Number of protein chains: 2
Amino acid sequence: MTVTIYDVAREANVSMATVSRVVNGNPNVKPVTRKKVLNTIQELGYRPNAVARGLASKKTTTVGAIIPDISSIFFAELARGIEDIATMYKYNIILSNSDQNKDKELQLINAMLEKQVDGILFMGGDITDEHVNQFQSSSVPVVLAATYDETNSIPSVNIDYEAAAYEATSFLLDKGNKKMGFISGVDDTLINKEKYNGYVRAFKEKSLSLNEDHILTGDYSYDSGIEAVNQLLAMDDVPTAVFVASDEMALGVIHGAQDKGYKIPDDIEVFGFDNTRLATMVRPTLSTIVQPMYDIGAVAMRLLTKYMNKEEVEEKKVVLPHRIVERTSTK
Amino acid sequence: MTVTIYDVAREANVSMATVSRVVNGNPNVKPVTRKKVLNTIQELGYRPNAVARGLASKKTTTVGAIIPDISSIFFAELARGIEDIATMYKYNIILSNSDQNKDKELQLINAMLEKQVDGILFMGGDITDEHVNQFQSSSVPVVLAATYDETNSIPSVNIDYEAAAYEATSFLLDKGNKKMGFISGVDDTLINKEKYNGYVRAFKEKSLSLNEDHILTGDYSYDSGIEAVNQLLAMDDVPTAVFVASDEMALGVIHGAQDKGYKIPDDIEVFGFDNTRLATMVRPTLSTIVQPMYDIGAVAMRLLTKYMNKEEVEEKKVVLPHRIVERTSTK
DNA sequence: ATGAAAGCGCTAACAA
DNA sequence: TTGTTAGCGCTTTCAT
């Protein structure tokens, strides 16, 4: 029923090896033969079976991507970068959501390995020894995107979160804000710790004292931003500036404050992180750290292709540049 | 090097058939044998090769998903619904972006067919004959999600766009708005035409005359919303209410109007479409049509599993309910 | 430039 | 309950 390479060979009076050659663009085929084969491929409507090819060649030209949540604006943008470069290099992506759940992550890695992916792109919280073990239980290359690996044993693409947080905090401090708040993300991830470190360093270097009470935790969501700012506003000494670990939470902070009658940035300056599309979809528009999500995904995928081709890789830990974009949520 | 089913069989002193049975949970295995096999699987670190299995069984337990743009909030949410149900039924998803480009779509369908996916989930603009042909060039089931198929030849999951637009328009009209605007999406897609039809019908049923000049077109983006509202505001008779074909554009409309000093909803009422998370991430919050994106994805995937299992399907064209949610962008 | 043939690792009859 | 065997559709030496 389905037409195979063998059918084509028979119809074209050549061997299946020859058909395979023309399908794969092998130059060792006489032009006339090639044409003949191409014709009967057309006639029969032959479509190569990638599964059979994968079994024979031990290459599937598909890579696995493990992502916390594709419906998050941040990761969706990252995924787009991955996908575009993957397409460029003729790879397909098997995409799965992990919700940053470690067991799920481990299980997904295994499932992708079973499917014989040629490589894995991993986005998540932290990389534990178990992750590393799981990765090494097969020899396919792995690249981390926007994900921290404390041991530095796995190639990765990130920005310098500590420096970014430091700069954002300094920016706010330099404007004369004495009382500052920080809405951090879920606090047990390394990336979040880096942001915290940067925040602290800015105070330290300016010999300013930092109020730990003004450091709150959210889950990166809009609602948690509203919640956090409400807590801040209920305090005796309301901060005049807030650095927020994600844009979406920052929107929550802005609206939460506005809903209580505070003026942004006059009463409170708000600074975000990521520069997702949300940053300009709010009034006042959000000053934030530009983290090139799309590029992180794209570079990570590109890096992975190099590993998959066994090319020489100059730097295994890529740190992409970040910068501050000043908009109207800060003075 | 890689351990195969054969290695396990040898080590466990059974045939590969038995190992296969154990791996696939076939009950016809003596518990003792099963245990023995399971043990040596553990010892050897055997991992089943899904590609080989796919070749032998002609099932890959992966489905292809063709989506216009994963970085769009709307589609990302849809994709999450698809993914969750796919996981539930042990399927993996090969995800690709089409940018609604027909050639790309056709090519992606082909690529997925080559990879022997067990089914295809398609999201896009319209379904042309070429699409249908391409789909039928293989016998794998296809389900459309949030995508219009004029011929109704392919199973699909949608809401009633015409009715939704009709209700939104009526809602605004019933409030006494005489001059209304409509910011539509790219106008050559069927879904968009449905929305237009609903808009028109609302006027007709109320015997109100509709001003075609107040119907503008955007590309669903925030910026195009700003642009469109600026055009509206430049007119002699500025409308007092605007129905916008997507939430993101609606945010643009709100901010564009606010930036020019208009009060929402006092001067202009704004009504969106989709009820993406954006709808509550703006001030005033957006009244909109609730389109259950996640559910559309989930239901579409569920439907696809039925077709893949050759189960009986009661309704091939699923129309999910929609509703209006009134927030503060309308009076 | 072309063909023959041996797998790739597994499933699924069919036997036993 | 277990084993034998013939493919699944292709790639890839190795000959010719």
Side-chain angles (χ1 to χ4, degrees), chain A residues 1-38 40-41 44-62 90 111 113-118 138-140, chain B residues 1-38 40-41 44-62 90 111 113-118 138-140:
Chain A
M1 199 198 55
T2 52
V3 11
T4 72
I5 201 172
Y6 187 77
D7 299 321
V8 176
R10 187 168 23 74
E11 286 299 309
N13 287 312
V14 295
S15 70
M16 42 187 297
T18 299
V19 178
S20 175
R21 286 191 188 96
V22 342
V23 168
N24 294 296
N26 183 317
N28 288 353
V29 181
K30 220 197 299 183
V32 192
T33 318
R34 177 185 309 281
K35 192 149 197 177
K36 187 174 55 178
V37 171
L38 249 17
T40 93
I41 284 181
L44 302 187
Y46 167 69
R47 180 165 21 222
N49 181 325
V51 171
R53 171 183 291 160
L55 182 58
S57 69
K58 295 175 166 297
K59 288 209 171 78
T60 55
T61 61
T62 106
K90 313 278 187 205
L113 258 16
E114 284 193 0
K115 296 248 165 154
Q116 312 300 119
V117 294
D118 293 338
S138 140
S139 54
V140 313
Chain B
M1 198 197 55
T2 52
V3 12
T4 73
I5 202 173
Y6 187 76
D7 299 321
V8 176
R10 188 168 22 74
E11 287 299 309
N13 288 312
V14 295
S15 72
M16 43 187 299
T18 299
V19 179
S20 174
R21 288 191 187 96
V22 171
V23 168
N24 294 297
N26 184 317
N28 289 354
V29 181
K30 220 195 304 182
V32 192
T33 319
R34 179 186 306 283
K35 191 149 197 177
K36 187 172 57 176
V37 172
L38 250 16
T40 93
I41 283 181
L44 302 187
Y46 167 68
R47 178 161 26 219
N49 181 325
V51 171
R53 171 182 292 159
L55 182 57
S57 69
K58 296 178 167 295
K59 286 208 172 79
T60 54
T61 62
T62 106
K90 314 278 187 205
L113 258 17
E114 284 193 0
K115 297 248 164 153
Q116 312 300 119
V117 294
D118 294 338
S138 138
S139 54
V140 313

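To find a chain, count down the sequence lines: A is the first, B the second, and so on, and within it residues start at 1. Values in this document were obtained by computation on a predicted structure and should not be read as measured data.
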Could you pull out the closest heavy-atom pair between N26(B) and V29(B), with the gap in Å? O-CG2, 3.6 Å
Counting only side-chain nitrogens and oxygens, does Y6(A) get under 4.0 Å of the OP1 or OP2 atom of dT11(D)? no
Value rounded to 0.5 Å, distance of CD in E11(A) from CG in L44(A): 5.5 Å
Does any residue of residues 18-32 of chain A have a heavy atom under 4.0 Å from DNA chain D, and if so, which ones, in number order? S20(A), N24(A)
Calculate the interatomic distance between Q116(B) atom CD and dC10(C) atom C1'; express it in whole Å. 16 Å
Measure the distance from CD1 on I5(A) to C1' on dA4(C) and round it to the nearest whole Å. 14 Å
K115(A) NZ to dC10(C) P: how many Å, rounded? 15 Å
With a 4.5 Å heavy-atom cut-off, do L113(A) and V140(A) have their side chains touching? yes
Can you tell me how far P of dC10(C) sits from CZ of R47(B), to the nearest Å? 12 Å
Can you find a pair of side-chain heavy atoms, one from N24(B) and one from R53(B), that are under 4.5 Å apart? yes
The reported gap from OG1 in T2(B) to CZ in R47(B) (rounded to nearest 0.5 angstrom) is 10.5 Å
Considering only heavy atoms from C-beta outward, does the side chain of I41(A) approach that of V22(A) to under 4.5 Å? yes
Can you give me the closest heavy-atom contact between V3(A) and G45(A), atom names plus distance? CG1-O, 4.1 Å
Separation of dA1(C) atom P from K35(A) atom NZ, nearest Å, is 17 Å
Go through it in stages, so that I can follow the logic: the residues are K36(A) and V14(A), the test is side-chain contact (heavy atoms from CB on, under 4.5 Å), and I'd like the CA-CA distance, side-chain angles, deciding distance and then a yes or no. CA-CA 9 Å; K36(A) 187 174 55 178; V14(A) 295; 4.1 Å; yes
Within the sub-3.5 Å range, which N or O atoms of nucleotides 6-8 of chain D have a protein N or O partner, and how far apart are they?
| residue | atom | partner | partner atom | Å |
| --- | --- | --- | --- | --- |
| dC8(D) | O3' | K58(B) | NZ | 3.2 |
| dC8(D) | O2 | A56(B) | N | 3.2 |

Measure across A9(B) and S15(B) and return the closest heavy-atom pair with its distance rounded to 0.1 Å. CB-C, 3.7 Å
Here the distance between atom C1' of dA1(C) and atom NZ of K36(A), to the nearest Å, is 12 Å
Once you apply a heavy-atom cut-off of 4.0 Å, does V14(B) come out as touching a base, just sugar-phosphate, or nothing? sugar-phosphate
